[in-house]
Amino acid sequence: MLLQNEELLEKRPSSSSLERFIPEIPQKVKSRRKMRKLVCLSGVACVTMLFFIAVSSWFFVRDLGGVRVHNTNLGIQYCYSVYFWLFLAIFRSLDLDCQVTDRFEIFGRYVSSPNEVPLWSANVMDPQRNEKTFRILLVGDTGGIPILETTWAQRGVKETMASIASEKDVQMVLNMGDNIYFTGPTDEFDPRFETRFEAVYDSPSLQVKWLTIAGNHDHFGNVTAEIEYTKHSRKWYFPSLYYKQSEEFNGTRIDFVMIDTISLCGNTKDIQNAGFIEMLRNESHDPRGPANVSAAEEQWTWLETMLSQSSAQYLIVSGHYPMHSMSSHGPTECLRSRLDPLLKRYNVNAYFSGHDHSLQHFEYDGNEGHKIHYVVSGAASRADASTKHIKEFSKDNLKFNYPEKSWFSWSPVSQLGFRKGGFIYAEFGHESARLDFYDKNGKQLYATFIPTRQILTEFVTKSTVSPFVEI
């Protein structure tokens with residue numbers, strides 16, 4: 001027995017042979033300690049962030065009351081800036097797709113800026129390109145964020161927009177509303193026109209006409225100021241709450257019919273010309289009907305007239321509220337019941353919208369084999385991974401949505417614009433239009449084609465019976 005024990009002892013590895021195992025043990029311990037430190041750091045950062053939010057909010061309420069956010073003092077700006085960078089530090093350490101590194105991977109190779117992003121090839125050197133195609137960007141919900149003015153995602157989206165606009169020689173931008181978060185402008189001289197729009201989209205390739213409409217947040221403030229601002233900007237184009245813009249290239253015409261869905265369907269809060277505090281105090285709800293029924297009916301009549309008289313190869317209707325959406329806000333029933341029949345009756349090619357902070361594409365049957373495309377582009381400054389309404393749509397109709405499903409249907413990380421964003425590039429040709437969906441880093445997520453429409457040769461009986469009764 002003793003002899004066996006001695007043999008076992010002799011078979012034990014010597015102290016020198018154990019040395020080769022020593023590096024593995026500290027490595028595991030180091031990983032566990034690193035994880036514990038990361039958790040502790042995240043907890044401390046969150047508590048500190050909440051402290052700064054509480055302190056800044058207390059000063060905000062005490063000193064400012066209902067004054068608008070963009071007039072806040074330096075103390076509150078400091079508080080918000082501190083917890084913004086705390087957020088950023090946490091996400092950098094957790095590697096949550098913030099792209100805070102100097103180099104990132106796109107299409108299998110590393111680039112140092114969005115200007116190096118490889119794009120879908122187009123012969124922009126072709127001197128006849130403007131006779132062959134008409135090229136636009138489709139963006140929505142560009143309104144930025146109080147105090148910091150722009151979000152992290154918005155800066156990435158802007159850089160990629162500028163790169164693609166330069167590469168493709170973009171001729172126009174469609175801006176789907178919510179232009180100034182969270183309570184719209186005060187007047188046409190509001191400094192946020194400069195800090196949220198002009199100074200953000202200042203790249204030479206983006207100095208084109210921006211066809212703009214109002215969103216629900218714009219109507220919280222002075223929406224008329226956004227119309228008046230058209231007089232002060234070279235690219236901001238918002239001549240009226242609703243209007244039509246026609247473009248033509250070598251015999252092919254596009255009619256962009258821009259509508260104000262808030263006037264048609266109502267707002268999501270019962271406020272107007274409100275301050276930030278008043279906006280927070282009011283409960284959100286789905287649109288309940290127009291505030292001014294007579295004005296809404298006047299717009300419905302105008303809209304049907306525009307659609308019935310159009311002989312364009314492309315007839316595009318654009319509004320802030322989506323017809324269909326699988327995200328947080330979901331479908332807009334007012335538009336489903338009133339606008340959708342018009343789109344089908346007059347063979348409209350597509351309905352473009354924003355509101356939900358995502359990119360989505362739906363396709364539904366129109367009349368006699370005609371397809372109608374419903375596109376949501378509301379991720380220019382933030383993206384929402386909610387799939388709240390996805391069960392309402394079949395795979396035959398919902399063709400694409402971005403961002404992908406997340407563990408949390410709503411989070412401040414996405415709503416404050418710390419993570420993802422995106423937009424759409426559209427190129428109209430003589431036979432079809434191609435839509436390319438991009439994220440903020442320039443990755444092409446999805447593409448689809450919209451053929452030209454069959455132009456109606458006979459007038460269709462108009463019918464836009466109002467479901468609203470003016471009291």
Side-chain angles (χ1 to χ4, degrees), residues 60-61 63-74 76-77 80 139-151 154 158 173-202 206-207 209-243 245 258-264 266-282 284 290-292 295-296 298-299 318-321 354-355 380-381:
F60 182 83
V61 175
D63 296 337
L64 300 175
V67 180
R68 292 179 177 275
V69 177
H70 70 277
N71 292 326
T72 53
N73 55 35
L74 293 177
I76 294 180
Q77 292 186 27
Y80 276 96
V139 300
D141 301 72
T142 61
I145 191 171
I147 309 300
L148 301 172
E149 303 300 345
T150 59
T151 68
Q154 186 173 11
K158 174 259 179 181
V173 178
L174 259 62
N175 187 14
M176 296 293 97
D178 276 1
N179 308 309
I180 296 180
Y181 282 115
F182 286 99
T183 55
T186 54
D187 54 47
E188 61 190 284
F189 304 104
D190 194 310
R192 289 177 293 174
F193 283 116
E194 176 65 28
T195 58
R196 306 281 180 88
F197 179 70
E198 302 288 354
V200 179
Y201 304 102
D202 57 352
L206 297 178
Q207 306 312 302
K209 183 180 288 187
W210 285 56
L211 297 192
T212 301
I213 52 177
N216 54 309
H217 283 273
D218 303 307
H219 275 271
F220 291 160
N222 183 356
V223 70
T224 304
E226 295 194 2
I227 297 173
E228 293 299 313
Y229 183 69
T230 302
K231 304 173 184 177
H232 307 284
S233 176
R234 292 184 177 181
K235 59 178 179 284
W236 178 283
Y237 186 75
F238 192 1
S240 177
L241 278 178
Y242 51 94
Y243 58 97
Q245 175 74 20
M258 315 293 285
I259 64 175
D260 185 56
T261 55
I262 289 77
S263 298
L264 293 175
N267 212 330
T268 56
K269 289 178 183 280
D270 300 321
I271 57 174
Q272 192 174 7
N273 293 320
F276 184 69
I277 297 299
E278 186 179 355
M279 187 203 73
L280 292 178
R281 289 174 178 170
N282 275 263
S284 295
N292 186 329
E298 183 178 342
Q299 186 179 171
S318 300
H320 181 67
Y321 289 152
H355 195 46
S381 65

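Applying the salt bridge (Lys or Arg N to Asp or Glu O under 4.0 Å) rule to E198 yields the partners K235; only residues at least two apart in sequence or on another chain are considered. In terms of the side chain to side chain donor-acceptor pair (under 3.5 Å) criterion, Q299 has no residue partners (sequence neighbours excluded). Contacts of D187 classified as side-chain contact (heavy atoms from CB on, under 4.5 Å), with partners at least two apart in sequence or in another chain: F189, D190. Under the ring pair (Phe, Tyr, Trp, His ring centres under 6.0 Å) criterion, F238 pairs with no residue, sequence neighbours left out. Listed by chain and number, the residues in a ring pair (Phe, Tyr, Trp, His ring centres under 6.0 Å) with F193 are Y229, W236 (sequence neighbours excluded). Not counting sequence neighbours, E298 has no partner by the salt bridge (Lys or Arg N to Asp or Glu O under 4.0 Å) test.
Side-chain atoms of H219 and S263, non-hydrogen and from C-beta on, do get closer than 4.5 Å to each other. The side-chain heavy atoms of L241 and I227, taken from C-beta on, include a pair separated by under 4.5 Å.
Considering CD of E226 and CD1 of I213, their distance stands at 11.0 Å, rounded to 0.5 Å. Of the inter-residue distances, the one linking Q207 atom CD with S233 atom OG reads 8.5 Å to the nearest 0.5 angstrom. With values rounded to the nearest 0.5 angstrom, I147 atom CD1 is found 10.5 Å from T195 atom OG1.
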**OP:** Might you work through the side chain to side chain contact (heavy atoms under 4.5 Å, CB included) test for F197 and N179, ending with a clear yes or no?
**Re:** CA-CA 8 Å; F197 179 70; N179 308 309; over 6 Å; no

**OP:** Would you check, one step at a time, whether the test side chain to side chain contact (heavy atoms under 4.5 Å, CB included) holds for Y321 with T268?
**Re:** CA-CA 11 Å; Y321 289 152; T268 56; 3.6 Å; yes

**OP:** For Y242 and L264, run side chain to side chain contact (heavy atoms under 4.5 Å, CB included): C-alpha distance rounded to whole Å, both residues' side-chain angles, the deciding distance at 0.1 Å, then the answer.
**Re:** CA-CA 11 Å; Y242 51 94; L264 293 175; over 6 Å; no

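S381 contributes no side-chain N or O that, together with a main-chain N or O of T151, makes up a donor-acceptor pair within less than 3.5 Å. Using modelled atom types, no side-chain atom of H320 and backbone atom of G354 make a donor-acceptor pair closer than 3.5 Å. A donor-acceptor contact shorter than 3.5 Å is absent between the side chain of D141 and the backbone of A380. Looking at N222, its side chain does come within 3.5 Å of a backbone N or O of T186 through a donor-acceptor pair. A donor-acceptor pair is defined here as one N or O able to donate and one able to accept, closer than 3.5 Å; such a pair exists between the side chain of D178 and the backbone of N216.
Closest approach of P185 to I180, counting heavy atoms only: CB-CD1, 4.0 Å. Taking every heavy atom of both residues into account, E228 and H232 meet most closely at O-CD2, 3.6 Å. Contact record, P146 with F182: CD-CE1, 3.2 Å, taken as the closest heavy-atom pair. Residues T150 and I145 come closest through the heavy atom pair O-CG2, 3.8 Å.
Taking the six-membered ring where tryptophan is involved, the planes of Y201 and W210 are tilted, since the angle between them lies from 30° to 60°.
No option in R192, R196, Q154 other than R196 meets the side chain to side chain donor-acceptor pair (under 3.5 Å) test with E149.
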